[in-house]
There are 2 protein chains.
Amino acid sequence: MSATSERRERDRAHRHRLIITAARELAEAEGWDAVTTRRLAERVEYSQPVLYSHFDGKDAIVGAVALDGFGELATHLRDARQGAAEPGSALRAVCGAYLDFATARPALYQAMFTLPTDLKFASADTPPPLRACFDEFVACYRADNERRELHAEVVWSALHGMAVLSASGRIPPSWREERLDFLDARLADTPA
Amino acid sequence: MSATSERRERDRAHRHRLIITAARELAEAEGWDAVTTRRLAERVEYSQPVLYSHFDGKDAIVGAVALDGFGELATHLRDARQGAAEPGSALRAVCGAYLDFATARPALYQAMFTLPTDLKFASADTPPPLRACFDEFVACYRADNERRELHAEVVWSALHGMAVLSASGRIPPSWREERLDFLDARLADTPA
DNA sequence: GAACCCAGTATAGCGGTGCTAGACATCCTG
DNA sequence: CAGGATGTCTAGCACCGCTATACTGGGTTC
């Protein structure tokens with residue numbers, strides 16, 4: 001029983017990932033409106049009910065894509081922070097990387113922040129990748145800064161606001177760099 | 001022909017508003033998912049096609065509700081700014097009023113910022129109420145500040161980010177005041 | 001005053017949605 | 001090799017946004 005059931009479980013996990021990546025590719029190619037359960041099923045070459053044996057519903061699929069996105073965003077931010085020439089420029093680098101991510105993968109960003117998902121953010125069971133993203137902002141402040149978490153929250157809020165307001169054309173995309181410089185100048189850690 | 005047709009036009013305008021307020025009330029009571037064209041038609045006691053004689057589609061109805069929201073937000077922000085004891089506390093008052101509005105009317109705020117609408121924000125034809133909201137932030141900075149518009153954009157972005165991130169439970173709602181104080185302290189106009 | 005006309009309304013229906021019950025096949029187990 | 005569990009598909013439900021078509025009742029004209 002073990003060998004075959006193990007293989008089945010592998011196949012199942014493989015198909016699980018297949019559904020997630022197919023949903024993401026379809027969304028990035030044609031937008032989330034095009035991601036219907038029928039089209040998704042057709043794309044993975046299974047019938048609709050199979051999707052429901054892997055996920056509780058469409059929202060859960062979107063949530064799985066979003067979770068992937070948080071994982072990628074976390075590494076993206078970490079790379080930017082660690083690649084900064086000096087500690088003082090870490091925040092600026094992370095902020096730029098954040099907006100890059102949001103504009104480069106709009107569909108993914110949409111799944112992470114504006115689409116209805118099954119992701120729970122209630123309390124201690126925050127998904128680790130989401131926490132990892134937040135921690136990248138926190139890490140831009142000195143450890144002895146008692147309010148570094150609060151600062152990180154505000155920075156993240158500002159970046160998210162800039163991302164969605166510029167994506168919907170409510171603020172002009174032209175002065176992106178100036179906004180980022182301003183944000184960095186005003187919200188960065190005060191040097192010791 | 002004039003008297004009756006004028007009355008008809010009045011009736012029509014009245015019904016136009018009836019649809020908008022019905023959509024808004026339904027959304028605020030049961031969320032936007034519950035606002036379907038059928039339920040909305042039933043609520044205004046007309047049949048579905050009547051909605052389409054007033055609006056291009058559901059998105060346009062949401063857009064009309066959103067436009068109402070921007071008008072209300074503008075006056076709300078103006079009241080807060082003008083009610084500030086001294087010019088130096090205007091920004092703080094406006095920011096507080098903004099978050100109050102977002103948390104007090106979540107469905108309305110959703111229509112204004114996250115739902116798909118027909119509102120055009122492309123270029124010069126920005127809807128006046130939206131421009132009025134933005135101008136309230138600008139007015140919190142001195143007129144000789146050359147970058148007051150840029151500052152206003154960043155403040156608005158931060159507030160919007162705080163509104164949606166706390167509404168979705170990604171940042172804790174507890175430290176709201178501290179975040180606002182921090183935002184005001186760092187982003188306010190530098191005194192002359 | 002009667003015939004006409006037309007704006008405005010409702011009925012009924014189209015193609016699509018997310019989701020699921022039941023029939024069916026396929027493979028492991030005893 | 002039969003029995004049973006596992007897994008998949010077909011078919012369909014209730015609902016969605018939206019619209020073509022039929023109808024009706026008031027205003028206009030002869």
Side-chain angles (χ1 to χ4, degrees), chain A residues 1-20 22-24 26-27 30-66 107 110-111 115-119, chain B residues 1-20 22-24 26-27 30-66 107 110-111 115-119:
Chain A
M1 72 135 217
S2 68
T4 60
S5 75
E6 274 180 17
R7 189 217 46 179
R8 286 204 174 175
E9 210 158 321
R10 267 202 319 273
D11 288 355
R12 211 180 146 69
H14 178 72
R15 201 171 54 180
H16 193 89
R17 281 243 54 90
L18 183 67
I19 294 172
I20 297 177
R24 174 173 169 171
L26 192 52
E30 307 183 36
W32 280 104
D33 282 350
V35 182
T36 71
T37 56
R38 277 171 239 270
R39 287 200 61 184
L40 187 54
E42 181 187 22
R43 201 172 163 109
V44 298
E45 295 181 310
Y46 285 93
S47 67
Q48 277 183 283
V50 172
L51 304 178
Y52 294 89
S53 75
H54 284 270
F55 299 93
D56 281 344
K58 189 186 175 181
D59 288 357
I61 298 177
V62 178
V65 173
Q110 207 177 349
L115 257 51
T117 67
D118 270 4
L119 287 182
Chain B
M1 71 131 215
S2 70
T4 60
S5 75
E6 274 181 17
R7 188 218 49 189
R8 287 203 173 175
E9 209 158 323
R10 268 204 316 274
D11 287 356
R12 210 179 148 70
H14 178 72
R15 202 171 54 180
H16 193 90
R17 280 242 56 88
L18 182 67
I19 294 172
I20 296 177
R24 173 174 171 172
L26 192 52
E30 306 184 37
W32 281 104
D33 282 350
V35 182
T36 70
T37 56
R38 277 170 239 269
R39 288 200 61 185
L40 187 53
E42 182 188 22
R43 200 173 164 110
V44 298
E45 296 180 310
Y46 284 93
S47 68
Q48 276 183 285
V50 172
L51 304 179
Y52 293 89
S53 75
H54 284 271
F55 299 94
D56 280 345
K58 189 187 174 181
D59 287 357
I61 298 178
V62 178
V65 174
Q110 208 176 348
L115 257 52
T117 67
D118 270 3
L119 288 183

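Note that these values count all heavy atoms, side chains included, but never hydrogens, waters or copies made by symmetry. Order of the sequence lines sets the chain letters (A, B, ...), proteins ahead of strands, with each chain counted from 1.
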Contacts of Glu42(A) that satisfy side-chain hydrogen bond (donor to acceptor under 3.5 Å, both in side chains) - sequence neighbours left out: none

Atom pair distance, as rounded to whole Å: CG in Leu40(A) and P in dG18(C): 9 Å

Smallest separation among heavy atoms of Ala22(B) and Val44(B), with atom names: CB-CG1, 3.6 Å

Length of the CD1-P vector between Ile19(A) and dG18(C), whole Å: 14 Å

For Arg43(A), the option from Leu18(A), Leu26(A), Val35(A), Ile19(A) that meets side chain to side chain contact (heavy atoms under 4.5 Å, CB included): Leu26(A)

Test applied, side chain to side chain contact (heavy atoms under 4.5 Å, CB included); reference residue, Thr117(B); option that passes from Val65(B), Val62(B), Asp59(B): Val62(B)

Over all atoms of both residues, closest heavy-atom pair of Ala64(A) and Phe55(A): CB-CE2, 3.8 Å

Spacing of Phe55(A) atom CZ relative to dC19(C) atom P, expressed in whole Å: 13 Å

List the atom pairs, with distances to 0.1 Å, where a side-chain N or O of residues 47-54 of chain A and a protein N or O form a donor-acceptor pair under 3.5 Å, not counting sequence neighbours.
from, atom 1, to, atom 2, distance (Å)
Gln48(A), OE1, Arg38(A), NH1, 3.4
Gln48(A), NE2, Thr37(A), OG1, 2.7
Ser53(A), OG, Val50(A), O, 2.7
His54(A), ND1, His16(A), ND1, 3.4
His54(A), NE2, Arg15(A), NE, 3.1
His54(A), NE2, Arg15(A), NH2, 3.1

Atom-pair distance (CD on Glu42(B); C1' on dA10(C)), nearest Å: 15 Å

Sort me out a list of protein N/O and nucleotides 15-19 of chain D N/O pairs below 3.5 Å, or just none if empty.
from, atom 1, to, atom 2, distance (Å)
dC16(D), OP1, Thr36(B), OG1, 3.3
dC16(D), N4, Arg38(B), NH2, 3.2
dG17(D), OP1, Lys58(B), NZ, 3.0
dG17(D), OP2, Thr37(B), N, 2.8
dG17(D), OP2, Thr37(B), OG1, 3.0
dG17(D), N7, Arg38(B), NH2, 2.9
dG17(D), O6, Arg38(B), NH2, 2.9
dC18(D), OP2, Tyr52(B), OH, 3.0
dC18(D), OP2, Lys58(B), N, 2.7
dC18(D), O5', Tyr52(B), OH, 3.4
dC18(D), N4, Gln48(B), OE1, 2.9
dC18(D), N4, Gln48(B), NE2, 3.1

Interatomic distance where CG belongs to Asp118(A) and C1' belongs to dG18(C) [whole Å]: 13 Å

Whole-Å distance separating the CZ atom of Arg12(B) from the P atom of dG8(C): 6 Å

Rounded interatomic separation in angstrom, taking CD from Glu45(B) and P from dG8(C): 20 Å

Length of the CG-P vector between Leu115(A) and dG18(C), whole Å: 12 Å

